[in-house]
Amino acid sequence: MRILGIDPGLQTTGFGVIEREGHQLRYVASGTIRTTRTQGVELGNLPARLKILFDGINEVVTRYQPDMAAVEIVFVN
(Lines give C-alpha, C1' and ligand atoms only; values in the text may rest on other atoms or scores of the structure.)
Protein backbone atom coordinates (compact mmCIF):
# COMPACT_ATOMS: atom_id res chain seq x y z
CA MET A 1 0.00 0.00 0.00
CA ARG A 2 1.33 3.42 -0.98
CA ILE A 3 0.41 6.43 1.19
CA LEU A 4 0.69 10.13 0.35
CA GLY A 5 0.95 12.62 3.21
CA ILE A 6 0.33 16.31 2.55
CA ASP A 7 1.32 19.23 4.78
CA PRO A 8 -0.74 22.08 3.28
CA GLY A 9 0.42 25.64 3.05
CA LEU A 10 -0.38 28.49 0.69
CA GLN A 11 3.29 29.43 0.21
CA THR A 12 4.83 25.97 0.59
CA THR A 13 3.00 22.65 0.58
CA GLY A 14 5.01 19.63 1.64
CA PHE A 15 4.42 16.04 0.67
CA GLY A 16 5.79 12.63 1.54
CA VAL A 17 5.16 9.22 0.06
CA ILE A 18 5.74 5.96 1.93
CA GLU A 19 5.00 2.36 1.12
CA ARG A 20 3.76 -0.21 3.60
CA GLU A 21 4.45 -3.90 3.15
CA GLY A 22 3.16 -5.84 6.13
CA HIS A 23 4.67 -4.15 9.18
CA GLN A 24 7.50 -2.56 7.19
CA LEU A 25 7.44 1.08 6.06
CA ARG A 26 9.66 2.27 3.21
CA TYR A 27 10.43 5.83 2.16
CA VAL A 28 9.49 6.53 -1.48
CA ALA A 29 9.71 10.29 -1.99
CA SER A 30 9.20 13.73 -0.46
CA GLY A 31 9.32 17.33 -1.54
CA THR A 32 7.66 20.71 -1.63
CA ILE A 33 5.41 22.66 -3.95
CA ARG A 34 6.13 26.40 -3.74
CA THR A 35 3.97 29.27 -4.88
CA THR A 36 6.14 32.13 -3.65
CA ARG A 37 8.86 32.08 -6.31
CA THR A 38 6.84 31.31 -9.41
CA GLN A 39 7.38 33.69 -12.32
CA GLY A 40 4.35 35.77 -13.21
CA VAL A 41 2.40 34.97 -10.05
CA GLU A 42 1.98 37.69 -7.44
CA LEU A 43 1.49 36.82 -3.78
CA GLY A 44 -1.98 38.37 -3.84
CA ASN A 45 -3.13 36.28 -6.81
CA LEU A 46 -4.85 33.49 -4.86
CA PRO A 47 -6.48 31.69 -7.83
CA ALA A 48 -3.12 31.41 -9.61
CA ARG A 49 -1.40 30.12 -6.48
CA LEU A 50 -4.15 27.55 -5.86
CA LYS A 51 -3.74 26.38 -9.48
CA ILE A 52 -0.01 25.86 -8.88
CA LEU A 53 -0.79 23.76 -5.80
CA PHE A 54 -3.47 21.78 -7.64
CA ASP A 55 -1.15 21.05 -10.55
CA GLY A 56 1.71 20.13 -8.21
CA ILE A 57 -0.35 17.69 -6.15
CA ASN A 58 -1.84 16.24 -9.33
CA GLU A 59 1.69 15.63 -10.63
CA VAL A 60 2.69 13.88 -7.38
CA VAL A 61 -0.42 11.66 -7.50
CA THR A 62 0.17 10.80 -11.16
CA ARG A 63 3.82 9.97 -10.58
CA TYR A 64 3.56 7.95 -7.35
CA GLN A 65 -0.02 6.60 -7.65
CA PRO A 66 -0.85 6.40 -3.93
CA ASP A 67 -3.60 4.11 -2.66
CA MET A 68 -4.59 6.63 0.02
CA ALA A 69 -3.76 10.10 1.24
CA ALA A 70 -3.71 11.96 4.54
CA VAL A 71 -3.79 15.75 4.88
CA GLU A 72 -2.54 17.52 8.00
CA ILE A 73 -5.04 19.88 9.63
CA VAL A 74 -4.16 23.47 8.80
CA PHE A 75 -2.94 25.49 11.79
CA VAL A 76 -3.14 29.26 11.50
CA ASN A 77 -1.04 31.23 13.96
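What you see is a predicted model, and the numbers here were worked out from it, not measured in a lab. These values consider heavy atoms only, across backbone and side chains, with no hydrogens, waters or symmetry-generated copies. All residue numbers in this chain count up from 1 along the given sequence.
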Practice problem: Take Ile57 and Ile6 through the side-chain contact (heavy atoms from CB on, under 4.5 Å) test and state the conclusion after the steps. | Solution: CA-CA 9 Å; Ile57 291 171; Ile6 299 173; 4.2 Å; yes

Can you give me every donor-acceptor pair (side chain of residues 58-68, partner residue at least two apart or in another chain, under 3.5 Å) with its distance?
from  : atom 1 : to    : atom 2 : distance (Å)
Thr62 : OG1    : Asn58 : O      : 2.9
Asp67 : OD2    : Arg2  : N      : 2.8

Practice problem: May I ask whether Phe54 and Ile52 are part of the same hydrophobic cluster, defined by side-chain heavy atoms of I, L, V, M, F, W, Y residues being less than 4.5 angstrom apart, directly or through others? | Solution: no

Quiz item: Do Met1 and Leu4 sit in the same hydrophobic cluster, where Ile, Leu, Val, Met, Phe, Trp and Tyr count as joined when their side-chain heavy atoms come under 4.5 Å apart?
Solution: no

[X] [atom1] to [Y] [atom2] distance, which is reported to the nearest 0.5 Å:
X: Gln11; Y: Thr35; atom1: CD; atom2: OG1; answer: 6.5 Å
X: Ile33; Y: Thr13; atom1: CD1; atom2: OG1; answer: 6.0 Å
X: Asp7; Y: Thr32; atom1: CG; atom2: OG1; answer: 10.5 Å

Quiz prompt | Leu10 and Leu53: CA distance, side-chain angles, deciding distance, side-chain contact (heavy atoms from CB on, under 4.5 Å) verdict | solution = CA-CA 8 Å; Leu10 191 52; Leu53 293 174; 4.3 Å; yes

Exercise. List in chain and number order the residues that pass salt bridge (Lys or Arg N to Asp or Glu O under 4.0 Å) with Asp55, two or more places apart in sequence or in another chain; answer none if no residue qualifies.
Key: Lys51

Exercise. Please identify each residue that fulfils salt bridge (Lys or Arg N to Asp or Glu O under 4.0 Å) with Arg26, with sequence neighbours left out.
Key: Glu19

